[in-house]
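Order of the sequence lines sets the chain letters (A, B, ...), proteins ahead of strands, with each chain counted from 1.
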Amino acid sequence: MKTIHPKITEVLTGTFKVPAHEVLPESTMDSLEMDSLAVAEFAVIIKETLGVDADSEKLYKDATLADISAYIDAAVGSAAAEATVPVSNTR
Amino acid sequence: MSLPADQGTEARAGTAVAVTGVGLVTPAGADEHSFWEGLCSGRSTARRIEELAGLPVDFACPVDGIDLDAAVGGRSVWRMARFVKLALVAARQAVADAGLDPARWDGARVGVVLGVGVGGVSVLVDNAAKLAASGPDAVSPLLVPMMIPNAAAGEVAIALKAGGPSLAPATACASGATAVAVARDLLLGGSCDVVVAGGAESVLTPLVVTAFARMGALSTRTGEPAAASRPFAADRDGFVIGEGAAMLVLEREEGVRARGGRTRALLTGAGSSTDAHHPTAPAPDGHGAQRAVRAALDQAGWAPGDVDHINAHGTSTPLNDAMETTLISRLFPHRPPVTAPKGVTGHTLAAAGAIEAVATVLTLERSAVPPIANLDALPDAFRLDCVTKEPRHQRVETALSHSFGFGGHNVALAFQRA
């Protein structure tokens, strides 16, 4: 079953005021009315809070939330293995 | 009443525009009614601000009691700096008050003029810190669109589907009044049928408050914040910084009549001038400001003796209030009653001229002049009829609102009872 990383849900509903019921695995940023600047800001927050780097246009803009979750999980997992992830939750 | 009705009508023919709606979010109240109540209480809204703790000046007049994100609503709030949110809420109030519906108007004929002095400086400061600490990847891609002073005009235009001219005049503490003056020109020049105009500011940040303190502009009455803003008082020592927004809907009189709208007051004149004297200090004799007042009177077709009331700039700084007293007593020896809202609201910078324009409209409508907070004794040299302690209930047909800004900008708005 496809799941959404809790940070994605938190950022979309908290910062970007996306209604929780729209945050679904198959949703795309476009379907959530997230324009390119919003997606770029989303990427900055993910980098800041999870330490995951991404080219927002390539990796987030047209992907589903399930795809983005998988990417973030993998990035966090590999980084955690190297124990270099600065995980903060200051935002 | 100073003007025979027919004279007033004739004098303003072709030069007056109607105020049909007002909206505001201020330290004294986040809607027209609570604002008026707060203003008439004569009590300062200044209080200590947690974020300013430990700084030379640790108090200000903030906007409290409103959930701005909820009031703005929708999904775009994340991209708005606080001054934009304040402006948007005030603009929506004003348009609703005017009985207009952005879903139904011809947006191409609607203009937005929204004066801002500083803009989203806290966004800038936050991102400067992120750049220094974490490098370029930490800088928000929204920094530029959020901090630019015209962000408020742009977001209000989007929200109101206003596709006519939009401007963000920056004349420092006169910006809100400049916006109203520009709106009048856009209407009388035929560029717009409706203009939503006013000002907004929100810079109660450690850096900006400290910067004003360092230049000696702020009151340092830290032991007694609520007594610090005291326009025209002998022992005033500077202004108290505030935040807020106010917007007015302006239309040509014939347009209001044609749509069956309601006119709340008439803007009969708007004069602007520049001291050309000093970056921050007003020309002490007030002759620069007087040119703006004279221009507003000329447009309105009034002699100085026709003015029933003055809503002063009255910042509580030694220099402004001395200059303004010289100006008022020289030009208006008949001693019209004077009020200065900044005693209650603090100095909301670019928003002040618009907030005080709304206060002047309310005075005309409600036949009451609000008192000046904290004014116990005028210096002997001041020969003004300042309203103190309680609102003064009297019919007011004509009123002027003064606004002056760093840079030497002077604006006078002439309003007449509808």
Side-chain angles (χ1 to χ4, degrees), chain A residues 4 7-24 27-62 65 68 71-72 75-76 79 84-91, chain B residues 50-51 66-89 92 119-120 122-159 161 205-206:
Chain A
I4 300 175
K7 178 57 73 178
I8 295 178
T9 305
E10 178 194 323
V11 172
L12 288 176
T13 58
T15 301
F16 295 97
K17 309 296 181 194
V18 175
H21 68 266
E22 293 183 26
V23 180
L24 304 169
S27 303
T28 63
M29 291 293 184
D30 196 46
S31 75
L32 300 177
E33 299 177 30
M34 295 278 287
D35 63 18
S36 59
L37 278 175
V39 175
E41 180 73 11
F42 172 84
V44 169
I45 298 172
I46 293 299
K47 170 82 191 290
E48 185 184 3
T49 54
L50 299 178
V52 174
D53 231 334
D55 179 328
S56 65
E57 280 293 315
K58 278 190 187 156
L59 286 166
Y60 295 157
K61 188 76 182 82
D62 301 314
L65 297 187
I68 296 171
Y71 171 76
I72 289 174
V76 170
T84 57
V85 183
V87 177
S88 66
N89 199 17
T90 55
R91 201 169 173 97
Chain B
E50 202 177 324
E51 201 186 351
I66 178 171
D67 180 343
L68 273 181
D69 286 359
V72 169
R75 299 187 188 186
S76 304
V77 72
W78 68 275
R79 69 181 188 208
M80 297 179 193
R82 186 170 167 86
F83 76 103
V84 176
K85 296 175 190 174
L86 293 167
L88 185 50
V89 173
R92 286 206 191 115
S122 57
V123 184
L124 179 68
V125 169
D126 289 351
N127 279 276
K130 285 180 180 175
L131 177 63
S134 309
D137 286 352
V139 173
S140 169
L142 261 292
L143 168 58
V144 171
M146 285 180 80
M147 79 171 180
I148 51 179
N150 51 312
E155 289 285 1
V156 167
I158 291 169
K161 299 176 174 61
T205 66

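Rounding to the nearest 0.5 angstrom, the gap separating the CH2 atom in B:W78 from the CG atom in A:L37 is 6.0 Å.
Environment of CG in B:D137: crowded, with over 12 heavy atoms of neighbouring residues, nucleotides or ligands closer than 6.0 Å.
In this structure the side chain of A:E41 never reaches within 4.5 angstrom of the side chain of B:R79, judged on heavy atoms. Using a 4.5 Å cut-off on side-chain heavy atoms (C-beta onward), B:D69 and A:K17 make contact.
Both the backbone and the side chain of A:A38 come within less than 4.5 Å of a heavy atom in chain B.
In terms of heavy-atom pairs under 4.5 Å with chain B, the best-connected choice from A:G14, A:A43, A:P19 is A:P19.
The two residues A:V44 and B:P141 have their closest heavy-atom pair at CG2-CD, 3.5 Å.
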